[in-house]
Amino acid sequence: MKYYYKYSYKICNLFITEENNSIHNVRFNIDEISGEVKKSETPLIKETAKQLDEYFNGKRKVFDLPLNANGTEFQKKVWQALQTIPYGQTCNYERIAVLIGKPKACRAVGMANNKNPIAIIIPCHRVIGKDGKLTGYAGGLELKQKLLQLENNN
């Protein structure tokens, strides 16, 4: 059974989903969560919310949670690479493609980034265009800018 709970933070609302004692989704909209889910604030969901609150308040730079993001092997490699981008730094799609050993797969990296099911914790917001401009983000470019600014300030 999947469980979810909604939390409101100062810059966004997040829906956190747990299944089999691991976090499966952190999304901006409940409609983005697939399958049968039951509303329940489990201990792991509560801990995830606490760590996100610490992040939003500039007190946490690294998350320590069991994650299980569903996706293809390629997507999982991209999401693992995203987790190596240090707090307060950015990189582009080409750099991620090189990191996963697929230097010509920039567009595919972009699509995998777009499918990231665990927002903020898997920091797809730290990926920007090669020209340094912000690129798409599930929470919107304004939120992406706020997240990057939050990290730069801390």
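Y5 is not listed as a side-chain neighbour of T42, based on a closest heavy-atom distance of 4.5 Å or more. Between Q51 and D64 there is a side-chain heavy-atom pair separated by less than 4.5 Å. With contacts defined as side-chain heavy-atom distances shorter than 4.5 Å, the pair K2/E36 does not qualify. Put simply, the side chain of N21 does not reach to within 4.5 Å of the side chain of N68, judged on heavy atoms. Using a 4.5 Å heavy-atom threshold, the side chains of T17 and R27 count as separate. Side-chain contact between P66 and L44: present, with at least one pair of heavy atoms (C-beta onward) separated by less than 4.5 Å. The shortest side-chain heavy-atom distance between H24 and N70 falls under the 4.5 Å cut-off. Side-chain contact between N13 and Y9: absent, with no pair of heavy atoms (C-beta onward) separated by less than 4.5 Å.
A 6.0 Å sphere centred on NZ of K130 holds no more than 12 heavy atoms belonging to other residues, nucleotides or ligands. More than 12 non-hydrogen atoms from other residues, nucleotides or ligands lie less than 6.0 angstrom from CD of Q83. Around the CZ atom of R60, the shell of radius 6.0 Å holds more than 12 heavy atoms that belong to other residues, nucleotides or ligands.
At a threshold of 4.0 Å, the pair K59-E54 does not count as salt-bridged, since none of the basic side-chain nitrogens sits closer than that to a carboxylate oxygen.
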query = Could you walk me through whether L52 and Y7 pass the side chain to side chain contact (heavy atoms under 4.5 Å, CB included) check?
reply = CA-CA 10 Å; L52 283 162; Y7 293 89; over 6 Å; no
message = Could you walk me through whether Y55 and Y87 satisfy the side chain to side chain contact (heavy atoms under 4.5 Å, CB included) test, starting with their C-alpha distance in whole Å, then the side-chain angles of each, then the deciding distance to 0.1 Å, before giving a yes or no?
response = CA-CA 10 Å; Y55 167 83; Y87 181 95; 3.7 Å; yes
message = Between R126 and E151, does the salt bridge (Lys or Arg N to Asp or Glu O under 4.0 Å) criterion hold? Intermediate values first, please.
response = CA-CA 10 Å; R126 294 180 188 153; E151 292 184 12; 2.9 Å; yes
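Residues I45 and M1 are members of one and the same hydrophobic cluster, defined by side-chain heavy-atom contacts under 4.5 angstrom among Ile, Leu, Val, Met, Phe, Trp and Tyr. Clustering ILVMFWY residues whenever any of their side-chain heavy atoms sit less than 4.5 angstrom apart, transitively, puts I23 in a cluster other than the one holding V37.
The line from CG of L134 to CD1 of I128 is 7.0 Å long, rounded to the nearest 0.5 Å. Atom CG in L67 sits 10.5 Å away from atom CD in Q80 (nearest 0.5 Å).
Judged by distance alone, the side chain of N57 and the main-chain N or O of D53 form a donor-acceptor pair under 3.5 Å. Between the side chain of Y4 and the backbone N or O of V26 there is no donor-acceptor pair closer than 3.5 Å. With hydrogens and angles disregarded, a donor-acceptor distance shorter than 3.5 Å links the side chain of K61 to the backbone of N154.
Closest approach of F28 and C12 over heavy atoms only: CE2-SG, 4.2 Å. Across all their heavy atoms, C91 and I85 have their closest contact at SG-CD1, 3.5 Å.
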Taking distance alone, no hydrogens or angles, what donor-acceptor pairs closer than 3.5 Å link side-chain atoms of residues 96-124 to residues at least two apart or in another chain?
| from | atom 1 | to | atom 2 | distance (Å) |
| --- | --- | --- | --- | --- |
| N116 | OD1 | I118 | N | 2.9 |
| N116 | ND2 | I122 | O | 2.8 |

Just distance, no hydrogens or angles: give the donor-acceptor pairs under 3.5 Å from side chains in residues 135-150, sequence neighbours left out.
| from | atom 1 | to | atom 2 | distance (Å) |
| --- | --- | --- | --- | --- |
| T135 | OG1 | Y93 | OH | 2.8 |
| T135 | OG1 | K144 | NZ | 3.3 |
| K144 | NZ | V127 | O | 2.6 |
| K144 | NZ | T135 | O | 3.1 |
| Q149 | NE2 | N153 | OD1 | 2.9 |

